[in-house]
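To keep things clear, I will list the structure first and then write my remarks on it.
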Amino acid sequence: MTPRVLSGIQPTADSFHLGNYLGAVRQWVALQDSYDAFYCVVDLHAITVPQDPKLLTARTRIAAAQLLAAGLDPDRCTLFVQSHVPEHTELAWVLGCLTGFGEASRMTQFKDKSGKEGADTASVGLFTYPILQAADILLYNADQVPVGEDQRQHLELSRTLAQRFNHRYGQTFTVPQPYILKEVAKIYDLQDPTAKMSKSSSSPQGIIDVLDEPAVIRKKVARAVTDTGAEVVADEENKPGITNLLRIYAALSGEPVAELEAKYAGTGYGGFKKDVAELVVDTLGSIREKTQAILADEPGLDRILAHGATRAHRVAAETMTQVRARVGFLPPSS
């Protein structure tokens with residue numbers, strides 16, 4: 001039996017950024033060939049912080065279109081929108097009733113986000129976010145979950161809740177294992193190369209968006225912060241800006257950083273930055289064009305997502321039928 005993977009991405013911006021693409025999306029595409037892959041646009045997670053409703057609708061389609069443009073194939077994976085499968089929230093309630101308050105309060109993401117904004121302003125949804133994430137995973141009995149280091153703690157909660165439910169009510173859920181994504185060097189902010197590229201903390205000029213126009217990408221790379229020297233070498237401490245650009249080049253080209261250092265020895269920053277920019281433009285250009293074409297056919301995109309939701313719902317409904325029976329919920333009379 002083909003092992004199953006599940007992962008999701010939030011529709012909280014008008015474009016994925018380069019870090020999203022390299023760290024997750026590009027690797028999801030590869031997993032379609034060897035796994036029964038389920039991928040969802042997690043719009044329920046997006047509303048843990050205030051969202052403009054019209055913008056959320058638009059961004060949900062934009063996120064799905066980018067995933068398709070990057071190479072997700074609806075015939076080789078199940079691509080759907082989280083809120084289109086209501087079993088996600090139903091299972092989240094059941095799992096929430098098995099989760100200790102102290103257990104949930106130790107989740108680092110809540111502590112980080114509430115620490116910035118203040119615990120009094122943080123929503124209950126933000127607090128219970130990891131429980132909904134556990135429901136996303138367990139609902140499909142995913143064997144493996146692609147995770148980066150920042151999500152490892154949330155996956156551990158999913159494993160704990162699966163084991164706790166199985167112990168209390170009988171074998172129901174697959175206990176998921178982490179699928180450690182192929183190591184991709186962290187992509188840093190072009191304007192602050194000591195900080196990770198991030199929609200929430202980077203300036204617009206520090207982020208390369210997947211849907212940026214070529215001229216915008218070239219300008220951002222040309223203006224990327226570097227040191228006063230002229231040597232194209234990786235040096236985390238003294239040359240974080242050039243090191244970041246080398247990482248980007250290496251990740252997109254597949255050439256090791258050491259080979260790039262040799263290639264650009266004695267050439268200076270100008271030519272190197274121009275080559276980095278062109279490589280980014282070439283890589284992202286086709287994704288941007290395909291995304292625009294997919295979004296231009298909104299009914300077609302919605303049909304793809306509806307088809308994915310139907311496939312996802314079949315699996316989710318079967319899981320919830322078992323969960324309801326094991327918990328002891330009275331089934332509706334026919």
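What you are looking at is a predicted structure, and each value in this text was computed from that prediction instead of being measured.
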Within 6.0 Å of [atom1] in [X], more than 12 heavy atoms from elsewhere:
{"X": "K219", "atom1": "NZ", "answer": "no"}
{"X": "E237", "atom1": "CD", "answer": "no"}
{"X": "L279", "atom1": "CG", "answer": "yes"}
{"X": "E231", "atom1": "CD", "answer": "no"}

Hey, does [Y] have a side-chain heavy atom less than 4.5 Å from the side chain of [X]?
{"X": "I62", "Y": "L295", "result": "yes"}
{"X": "H307", "Y": "T78", "result": "no"}
{"X": "Y188", "Y": "R247", "result": "yes"}
{"X": "V315", "Y": "R4", "result": "yes"}
{"X": "P176", "Y": "T174", "result": "no"}
{"X": "T89", "Y": "L44", "result": "yes"}
{"X": "S158", "Y": "L155", "result": "yes"}
{"X": "V5", "Y": "P146", "result": "yes"}

Worksheet item: What about the rings of Y140 and F80, do their centers lie closer together than 6.0 Å?
Response: yes
Discussion item. For the aromatic rings, using the six-membered ring if either is Trp, is the centroid distance between F165 and F173 under 6.0 Å?
Written reply: yes
Return yes if some donor-acceptor pair links the side-chain N/O of [X] with the main-chain N/O of [Y] below 3.5 Å, else return no.
{"X": "S15", "Y": "V210", "answer": "yes"}
{"X": "E103", "Y": "G100", "answer": "yes"}
{"X": "D212", "Y": "I217", "answer": "no"}
{"X": "S123", "Y": "L126", "answer": "yes"}
{"X": "Q66", "Y": "V25", "answer": "no"}
{"X": "T172", "Y": "G170", "answer": "yes"}
{"X": "Q10", "Y": "V42", "answer": "no"}
{"X": "Q51", "Y": "A46", "answer": "yes"}
{"X": "D36", "Y": "T2", "answer": "no"}
{"X": "Q163", "Y": "V175", "answer": "no"}

Item to complete: Determine which pairs satisfy side-chain hydrogen bond (donor to acceptor under 3.5 Å, both in side chains) with at least one residue from residues 272-291, sequence neighbours left out, and list them in order.
Response: E213-R288, R218-E278, Y264-D275
Discussion item. Could you walk me through whether L79 and L68 satisfy the side chain to side chain contact (heavy atoms under 4.5 Å, CB included) test, starting with their C-alpha distance in whole Å, then the side-chain angles of each, then the deciding distance to 0.1 Å, before giving a yes or no?
Written reply: CA-CA 9 Å; L79 175 64; L68 292 166; 3.7 Å; yes
State, without any angle test, whether [X] and [Y] hold a side-chain donor-acceptor pair at a distance under 3.5 Å.
{"X": "Q177", "Y": "D143", "value": "no"}
{"X": "D43", "Y": "H84", "value": "no"}
{"X": "D209", "Y": "H17", "value": "no"}
{"X": "E87", "Y": "H313", "value": "yes"}

Item to complete: Decide side chain to side chain contact (heavy atoms under 4.5 Å, CB included) for L132 and T128; before the verdict, give the C-alpha distance in whole Å, the side-chain angles of both, and the deciding distance to 0.1 Å.
Response: CA-CA 7 Å; L132 177 57; T128 59; over 6 Å; no
Practice prompt. Under the side-chain hydrogen bond (donor to acceptor under 3.5 Å, both in side chains) rule, collect the residues that match up with R223, sequence neighbours excluded.
Written response: none
Item to complete: Name all pairs fulfilling the salt bridge (charged side-chain N to carboxylate O under 4.0 Å, His left out) condition that reach into residues 55-69, sequence neighbours left out, sorted by first residue then second.
Response: D14-R59, R61-E298, R61-D302
Worksheet item: Looking at CD1 of I242 and CG of L260, how far apart are the two atoms once the value is rounded to the nearest 0.5 Å?
Response: 11.5 Å
Taking all heavy atoms of [X] and all of [Y], pick out the closest pair and write down the distance.
{"X": "G268", "Y": "V232", "value": "O-CG2, 3.6 Å"}
{"X": "L161", "Y": "A134", "value": "CD1-CB, 4.0 Å"}
{"X": "L190", "Y": "I208", "value": "CD1-CG1, 3.7 Å"}

Worksheet item: Hey, is D189 close enough to K196 for a salt bridge, meaning N to O under 4.0 Å?
Response: no
Discussion item. My understanding is that only one of L6, L31, I9 makes a side-chain contact (heavy atoms from CB on, under 4.5 Å) with Y39; could you say which?
Written reply: L31
